[in-house]
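The next block holds one structure in the form of structure tokens; read it before the comments.
Since the model is a prediction, treat every value here as computed from it, not as a measurement.
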Amino acid sequence: MALMQFLNHTRTIPISNPYGFSRFFSKSSPFIVKVGIPEFLNGVGHGVETHVAKLESEIGDFQKLLVTRTLKLKKIGIPCKHRKLILKYAHKYRLGLWRPRAEPVKV
């Protein structure tokens, strides 16, 4: 009984951060202020940026691209691998987990 009370008291350690660790960042990553379709596709990379003209003519707006479905992209003529990348990064962008970088990545 005394052991159970001891274990219950040791588990209730107040932590200011609910995740149990603090976040240390020396500097923030540079973000593009205005994101459009070309900046978004260049940020995704992997050859997806070749479809900028198609998407701008068919969809037109970046906000519409974020809610576009697979069949619409398929009708435009975008290959499966690129569709998957566009939809994956659009979902991450909507959740706020990813943004295209301001500086192009040196390869």
Side-chain angles (χ1 to χ4, degrees):
M1 185 71 171
L3 180 62
M4 292 301 289
Q5 288 177 349
F6 176 74
L7 291 176
N8 286 337
H9 287 290
T10 58
R11 290 183 191 162
T12 58
I13 298 171
I15 298 174
S16 61
N17 189 350
Y19 301 107
F21 60 91
S22 60
R23 302 173 92 187
F24 295 104
F25 296 110
S26 60
K27 62 180 180 177
S28 63
S29 59
F31 290 136
I32 295 174
V33 176
K34 182 181 181 313
V35 178
I37 292 176
E39 294 86 7
F40 179 78
L41 295 180
N42 285 333
V44 171
H46 301 287
V48 177
E49 59 273 2
T50 58
H51 306 293
V52 171
K54 287 182 194 176
L55 290 174
E56 282 188 329
S57 65
E58 293 291 326
I59 295 174
D61 187 25
F62 178 63
Q63 294 302 320
K64 289 181 184 175
L65 177 65
L66 291 178
V67 295
T68 302
R69 307 251 175 152
T70 307
L71 288 177
K72 175 86 173 177
L73 294 176
K74 188 174 184 177
K75 288 179 184 176
I76 294 172
I78 297 176
C80 180
K81 185 180 271 188
H82 292 171
R83 284 196 307 264
K84 288 170 79 171
L85 283 170
I86 291 170
L87 294 172
K88 174 181 155 184
Y89 281 94
H91 182 67
K92 286 183 177 185
Y93 185 87
R94 282 193 312 264
L95 294 177
L97 299 175
W98 178 83
R99 287 184 60 104
R101 296 179 72 80
E103 302 166 358
V105 178
K106 305 285 191 271
V107 179

State, yes or no, whether a side-chain contact exists between [X] and [Y] at a heavy-atom distance under 4.5 Å.
| X | Y | answer |
| --- | --- | --- |
| I86 | L55 | yes |
| L87 | L73 | yes |
| K74 | C80 | no |

If you draw a 6.0 Å radius around NZ in K54, do more than 12 non-hydrogen atoms from other residues or ligands fall strictly inside?
->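 Counting neighbours around NZ of K54, more than 12 heavy atoms of other residues, nucleotides or ligands fall under 6.0 Å, so yes.
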Separation between NE2 of H91 and CH2 of W98, rounded to the nearest 0.5 Å =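 Taking NE2 in H91 and CH2 in W98, the distance rounds to 13.5 Å.
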How far does CD of E39 sit from CZ of R99, to the nearest 0.5 angstrom?
-> 11.0 Å
F40 ring center within less than 6.0 Å of Y89 ring center =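 No, the ring of Y89 stays outside the 6.0 Å limit from the ring of F40, centre to centre.
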How far apart are the closest heavy atoms of [X] and [Y], and which atoms are they?
| X | Y | result |
| --- | --- | --- |
| H82 | H46 | NE2-O, 3.4 Å |
| K72 | I59 | CE-CG1, 4.5 Å |
| P100 | G43 | CB-CA, 4.0 Å |
| F62 | I37 | CA-CG1, 4.0 Å |
| L41 | E49 | O-OE1, 3.7 Å |
| I78 | R83 | O-NH1, 2.7 Å |

With sequence neighbours left out, the residues meeting side chain to side chain contact (heavy atoms under 4.5 Å, CB included) with L71 are none
